[in-house]
Amino acid sequence: MHTVEVFSKKFYKRDPALVARDMLGKTLIRKLDSRILSGKIVETEAYYGRSDPASRAYKGRKRFNELMFLDAGRFFIYMVHANWLLNIVAHMEASVGAVLIRALEPLEGIEVMKKNRDTKDKRDLTSGPGKLTKALAITNELNGIDVTRTNEQLMLVRGEIESFSIGSSPRIGVKADLPQELRFYIKRNIFVSRYLRTG
DNA sequence: AGGAAGATCTACT
DNA sequence: GTAGATCTTCCTA
């Protein structure tokens, strides 16, 4: 059984790049009907506000990106190219930002994930931001869930404590990136999205 | 109405 | 590993 140990708001009220690094190795839990689907986060990207041309929030506060401007610590879900992408709002007090969850290592509910993704290849189930939302049946119905609450349909919990080394790279697929490397991943983990994988 | 968007899949070299 | 088609929302005009 799980020790459902979520993080406080404080964890998410920091620079998005720091939060993105610290989210690696944590466990994402999806409760679907009575089933549990879960995975370990192995790849993330940090996004900022008006200073970040790749951010949803770049052009200012709109209805569709409003969550990024509100308090840190909520799931933020939106669609790109027919894929739902899962983020967590994360930023310093009174700032703007979010962390995109780009890849998971499947842990529980793998048979359901295979069905959702229509593939038998475990490595292909959740190794991309659009893949993992499909595998875990995550849509914008779950938008706005508070990550500090337990017993929700979506949760981020501490999970197993383990050591690993972290790699970084420019963000993937963005038209205009910032100079810093804002993509983070667990080195040598085979569930990291394939392209641009280095370590 | 038209097009962009933080991606994925397939079909090739 | 790269190129091109295509998926679905939501934005701007």
Side-chain angles (χ1 to χ4, degrees), chain A residues 12 15-21 23-24 28 39 41-70 72 74-91 95-106 113-145 147 154 156 166-186 190-199:
Chain A
Y12 301 98
D15 185 292
L18 291 177
V19 179
R21 288 179 70 97
M23 279 169 55
L24 294 174
L28 184 73
I41 296 174
V42 299
E43 180 180 348
T44 57
E45 280 177 359
Y47 288 84
Y48 293 86
R50 288 181 185 278
S51 58
D52 181 355
S55 173
R56 293 306 268 193
Y58 181 53
K59 290 182 176 168
R61 181 166 170 167
K62 303 277 165 56
R63 202 174 77 253
F64 79 101
N65 62 20
E66 190 170 39
L67 279 174
M68 288 182 73
F69 291 77
L70 301 180
R74 284 178 184 281
F75 287 106
F76 171 46
I77 299 164
Y78 58 84
M79 175 158 283
V80 174
H81 292 108
N83 300 286
W84 293 112
L85 301 199
L86 177 64
N87 300 252
I88 294 180
V89 179
H91 52 72
S95 187
V96 183
V99 174
L100 170 67
I101 299 176
R102 286 195 53 90
L104 301 175
E105 174 177 337
M113 294 187 201
K114 285 179 176 170
K115 199 175 164 196
N116 290 346
R117 284 272 298 135
D118 194 25
T119 177
K120 289 178 179 169
D121 182 359
K122 184 178 175 189
R123 200 168 168 173
D124 195 37
L125 289 178
T126 53
S127 54
K131 295 178 183 179
L132 71 92
T133 54
K134 191 161 188 209
L136 301 196
I138 293 168
T139 69
N140 64 343
E141 283 181 28
L142 305 179
N143 193 34
I145 290 180
V147 295
L154 250 193
L156 189 141
I166 297 176
S168 67
S169 81
R171 293 174 295 187
I172 290 178
V174 306
K175 278 202 309 204
D177 206 351
L178 290 170
Q180 315 92 290
E181 298 195 328
L182 292 172
R183 170 177 176 249
F184 304 98
Y185 56 91
I186 294 181
I190 62 167
F191 296 98
V192 165
S193 69
R194 309 236 289 175
Y195 43 116
L196 289 193
R197 195 169 79 223
T198 49

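Hydrogens, waters and symmetry mates play no part in the numbers below; they use all other heavy atoms, side chains included. The sequence lines fix the lettering, A, B, ..., with proteins before strands; numbering per chain opens at 1.
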Side chains of A:S169 and A:R183: is there a donor and an acceptor less than 3.5 Å apart?
yes
Distance, rounded to the nearest Å, where A:M79 contributes CE and B:dT8 contributes C1'
12 Å
Between B:dA7 atom P and A:R171 atom CZ, what is the distance in whole Å?
11 Å
Tell me which nucleotide, if any, is Watson-Crick or G-U wobble paired with B:dA11 when both distances must be under 3.5 Å.
C:dT2
Between A:E45 and A:R102, is there a side-chain N and carboxylate O pair less than 4.0 Å apart?
yes
Outermost DNA chain C nucleotides near chain A [under 4.0 Å, heavy atoms]:
C:dC7 to C:dT12
Whole angstrom is fine here: how far is it from OH in A:Y58 over to P in B:dG6?
13 Å
Between A:T44 (side chain only) and A:L100 (backbone N and O only), is there a donor and an acceptor less than 3.5 Å apart?
no
Over how many whole Å does the gap from A:D177 atom CG to B:dG6 atom C1' extend?
10 Å
Please check if any side-chain donor atom of A:E105 sits under 3.5 Å from a side-chain acceptor atom of A:T126, or the reverse.
no
So, is A:K175 near the phosphate of B:dG6, with a side-chain N or O under 4.0 Å from OP1 or OP2?
no
OP1 or OP2 of B:dA5 sitting under 4.0 Å from any side-chain N/O of A:R56?
no
Is it the case that the side chain of A:N87 and the backbone of A:F76 share a donor-acceptor pair, with hydrogens and angles ignored and the cut-off at 3.5 Å?
yes
Integer-rounded Å distance: B:dT8 P and A:L125 CG:
13 Å
Base-pairing assignment for B:dG6 (Watson-Crick or G-U wobble, both under 3.5 Å)
none
Of the candidate nucleotides B:dG6, B:dT8, B:dA7, which contains the atom at the shortest distance from the side chain of A:N87?
B:dG6
Whether the side chain of A:N116 engages the backbone of A:K114 through a donor-acceptor N/O pair (distance < 3.5 Å, no angle test) should be reported.
no
Contact list please: residues 59-67 of chain A against DNA chain B, heavy atoms, distance less than 4.0 Å, in numerical order.
none
Within 45 degrees of the axis of the six-membered ring of A:Y12 and under 6.0 Å from its centre: does A:R74 put its NZ or CZ there?
no
Would you please confirm or rule out a distance under 4.0 Å between OP1 or OP2 of B:dC9 and any side-chain N or O of A:R117?
yes
Going by atom types only, do A:Y78 and A:N65 share a side-chain donor-acceptor pair under 3.5 Å?
no
Euclidean distance, atom CD1 of residue A:I172 to atom P of B:dA7 [Å, nearest integer]
8 Å
Residues at least two apart in sequence or cross-chain that pass side chain to side chain donor-acceptor pair (under 3.5 Å) with A:E66, listed by chain then number, are A:R61
Between NZ of A:K131 and P of B:dG6 the distance, given in whole Å, is 18 Å
